[in-house]
Amino acid sequence: MKIAIAKEVEVSERRVALVPDVVARLVKQGLEIWVEAGAGERAFFPNAAYEAAGATVISDPATLWGEADVVLKVGLPQEREDGQLEIDLLREGSVLIGFLNPLGNPVLMQRLAERQVTALSMELIPRTSRAQSMDALSSQAGVAGYQAVLIAAAALPKFFPMLTTAAGTIAPAKVFVLGAGVAGLQAIATARRLGAVVEAFDIRPAVKEEVQSLGAKFVEVPLEEDTVAEGGYAKEVSEAAKQRTQAVIAEHIKQSDAVITTAQVPGKKAPLLVTAEMVAQMKPGSVVVDLAAEQGGNCACTEAGKDVVWQGVTIIGPMNLPSFIPIHASQMYAKNISTLVQYLIKDGGLQLDFADDIVNSACVTHEGTIRNERVRNALASEQVIEGRV
Ligand code: NAD
């Protein structure tokens with residue numbers, strides 16, 4: 001079975017789907033690995049490192065995409081520089097795995113189904129303990145949480161740690177993390193390592209202990225309603241709860257030098273936690289880094305992909321943070337995606353057992369159909385908007 005590592009078309013995507021160490025392990029297990037020439041370059045893995053690991057470097061994308069049994073990517077199939085669409089290069093019956101953002105791209109999913117491609121989306125791997133080693137959303141969110149703090153520290157016109165020097169004592173920076181899921185917990189840990197005093201808030205009271213174990217203070221907002229949905233995820237809360245949490249957040253934000261926002265409710269627009277009025281109350285020079293920028297932002301002043309300075313406060317809405325740390329982000333992603341591939345291999349070939357919740361959740365298209373109901377619904381609404389039905 002030929003497994004191909006495709007080069008990411010977008011130059012802003014510096015990650016690669018498999019790193020040479022992982023390739024060596026797969027080759028040892030008898031798999032044939034092809035790598036598109038230059039696929040690892042932006043993550044500092046040269047072609048020679050893949051060859052040394054036992055992969056074959058392929059220069060012609062049409063050969064790689066058209067003859068592989070499985071194509072591994074980080075992002076979506078794209079239009080190449082020569083105008084060729086990667087999706088058109090895939091052969092019938094092949095398998096494509098990557099962060100395909102199926103709900104955001106239902107038309108692309110339809111096209112994959114029409115081309116008889118089996119597509120598995122890394123975003124749809126369930127966040128369960130059984131699937132933990134394949135959970136690329138979590139591994140990459142951890143990278144993002146770390147990088148968000150480095151961005152905040154670099155933008156803040158202050159030190160993060162307390163310093164006792166001959167030139168006087170410097171007080172530590174105060175960091176407030178909103179949302180203590182995967183990215184938030186890594187942000188807390190990173191800010192603590194840099195010496196900041198950290199507070200955190202999350203709508204799920206269960207994370208209190210984890211926050212405290214990282215050396216941060218948990219900001220509590222007693223609410224009368226249940227905030228946890230099935231599977232342990234946060235629920236969208238009522239208007240009254242929103243107002244109550246916002247009032248508490250406002251009090252803590254006033255005192256903070258840096259605010260890192262990471263709140264999300266699966267499948268919904270990011271909850272608005274930081275209003276423009278709250279930003280106006282922050283000290284001049286303070287920084288907000290909004291990880292939810294691409295989902296609409298947790299802060300009212302956020303613009304995705306931009307740094308906005310408003311009333312002396314810098315609001316940063318970074319995109320694709322894992323790509324800032326391409327070596328380790330790729331290493332972690334490679335572990336996740338290779339575990340999935342190995343999980344699917346039975347008797348020398350890929351076998352999809354739809355009775356298995358990992359396979360059933362991750363597989364978006366198979367044998368000409370879109371299997372995922374939410375993607376089918378998203379496609380239907382897009383077609384209605386375009387007047388096609
Ligand atoms: P997660 O689901 O693990 O954590 C989100 C947390 O937000 C949960 O703990 C949840 O309880 C909390 N939350 C939900 N509603 C809230 C509310 N109203 N108030 C307070 N807390 C609330 O998600 P994650 O994997 O940590 O990702 C966090 C965010 O970071 C997402 O928006 C994700 O898309 C984004 N992200 C951005 C990048 C980037 O490069 N910019 C990369 C990875 C992840």
Side-chain angles (χ1 to χ4, degrees), residues 12-15 74-75 99 101 103-104 122-123 125-127 132 135-152 176-189 199-211 218-221 223 225-229 231-250 252-253 259-275 289-299 302-306 316-326 329 332-333:
S12 62
E13 181 53 81
R14 296 169 65 200
R15 291 171 292 175
V74 176
F99 276 127
N101 185 11
L103 288 170
M122 293 305 282
E123 291 97 332
I125 296 281
R127 270 182 161 176
Q132 221 169 16
D135 181 359
L137 260 192
S138 289
S139 73
Q140 304 303 297
V143 178
Y146 167 86
Q147 184 63 21
V149 173
L150 299 194
I151 288 177
F176 191 21
V177 177
L178 296 174
V182 183
L185 289 172
Q186 191 53 252
I188 294 169
E199 291 185 323
F201 167 69
D202 197 291
I203 202 84
R204 292 178 301 130
V207 295
K208 177 179 172 178
E209 270 178 38
E210 277 178 279
V211 167
F218 187 68
V219 172
E220 300 204 46
V221 184
L223 296 173
E225 64 194 60
D226 193 3
T227 55
V228 184
Y233 285 109
K235 258 189 193 167
E236 211 171 15
V237 293
S238 68
E239 201 45 49
K242 262 185 216 164
Q243 285 178 11
R244 199 142 173 198
T245 52
Q246 284 192 351
V248 176
I249 290 170
H252 287 262
I253 270 189
V259 176
I260 315 283
T261 68
T262 78
Q264 75 161 352
V265 177
K268 306 269 180 211
K269 189 173 176 283
L272 177 67
L273 302 180
V274 182
T275 62
V289 178
D290 190 346
L291 276 196
E294 279 175 89
Q295 285 74 42
N298 291 142
C299 172
T302 300
E303 287 186 43
K306 292 200 178 143
I316 303 171
M319 283 156 66
N320 198 1
L321 284 177
S323 183
F324 282 62
I325 309 177
M332 294 164 99
Y333 184 73

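If you're wondering where the values come from, they're calculated on a predicted model, not measured in any experiment. Whatever order the structure lists them in is the order used to number ligands and atoms, beginning at 1.
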Heavy-atom contacts under 4.0 Å between [X] and ligand 1: side chain, backbone, both, or neither?
X: N320; result: backbone
X: T245; result: neither
X: S138; result: neither

Does even one non-hydrogen atom of [X] get within less than 4.0 Å of ligand 1?
X: V237; value: no
X: V265; value: yes
X: L273; value: yes
X: A270; value: no
X: P266; value: no

>> Heavy atom to atom 41 (N) of ligand 1, shortest distance: which of G181, A241, P318 holds it?
In response: P318
> Between K268, R204, Q264, which one has a non-hydrogen atom sitting closest to atom 27 (O) of ligand 1?
Replying inline: Q264
Does an N or O from [X], backbone or side chain, lie closer than 3.5 Å to an N or O of ligand 1?
X: A183; result: yes
X: R127; result: yes
X: A292; result: no
X: A234; result: no

Measure across [X] and [Y] and return the closest heavy-atom pair with its distance rounded to 0.1 Å.
X: A180; Y: L185; value: O-CG, 3.6 Å
X: N320; Y: E294; value: N-OE2, 3.6 Å
X: A144; Y: L321; value: O-CD1, 3.6 Å
X: G181; Y: R204; value: CA-NH2, 4.2 Å

Would you say the side-chain atoms of [X] pair up with the backbone N or O of [Y], donor to acceptor, closer than 3.5 Å?
X: Q186; Y: Y146; value: no
X: T262; Y: L178; value: yes
X: E225; Y: S238; value: yes

Could you grab the distance from atom [atom1] of [X] to atom [atom2] of [Y], nearest 0.5 Å is fine?
X: I316; Y: D290; atom1: CD1; atom2: CG; result: 10.5 Å
X: I253; Y: T275; atom1: CD1; atom2: OG1; result: 7.5 Å
X: E199; Y: H252; atom1: CD; atom2: NE2; result: 5.5 Å
X: E13; Y: F99; atom1: CD; atom2: CZ; result: 9.0 Å
X: F324; Y: I151; atom1: CZ; atom2: CD1; result: 4.5 Å
X: Q140; Y: Q147; atom1: CD; atom2: CD; result: 12.5 Å

> Heavy-atom count around K235 NZ within 6.0 Å, excluding the residue itself: above 12?
Replying inline: yes
Can you report which non-hydrogen protein atom sits closest to [atom], along with the distance?
atom: atom 12 (C) of ligand 1; result: D202 OD2, 3.2 Å
atom: atom 29 (C) of ligand 1; result: T262 O, 3.5 Å
atom: atom 21 (N) of ligand 1; result: I203 N, 3.4 Å
atom: atom 35 (C) of ligand 1; result: L291 O, 3.4 Å
atom: atom 34 (O) of ligand 1; result: Q295 OE1, 3.0 Å
atom: atom 43 (C) of ligand 1; result: A144 CB, 3.6 Å

I need the atoms of ligand 1 closer than 4.0 Å to a non-hydrogen atom of [X], numbered in the order shown.
X: A263; answer: 7 (O), 13 (N), 16 (C), 21 (N), 22 (C)
X: P271; answer: 15 (N), 18 (N)
X: F201; answer: 19 (N), 20 (C)
X: L321; answer: 39 (C), 40 (O)

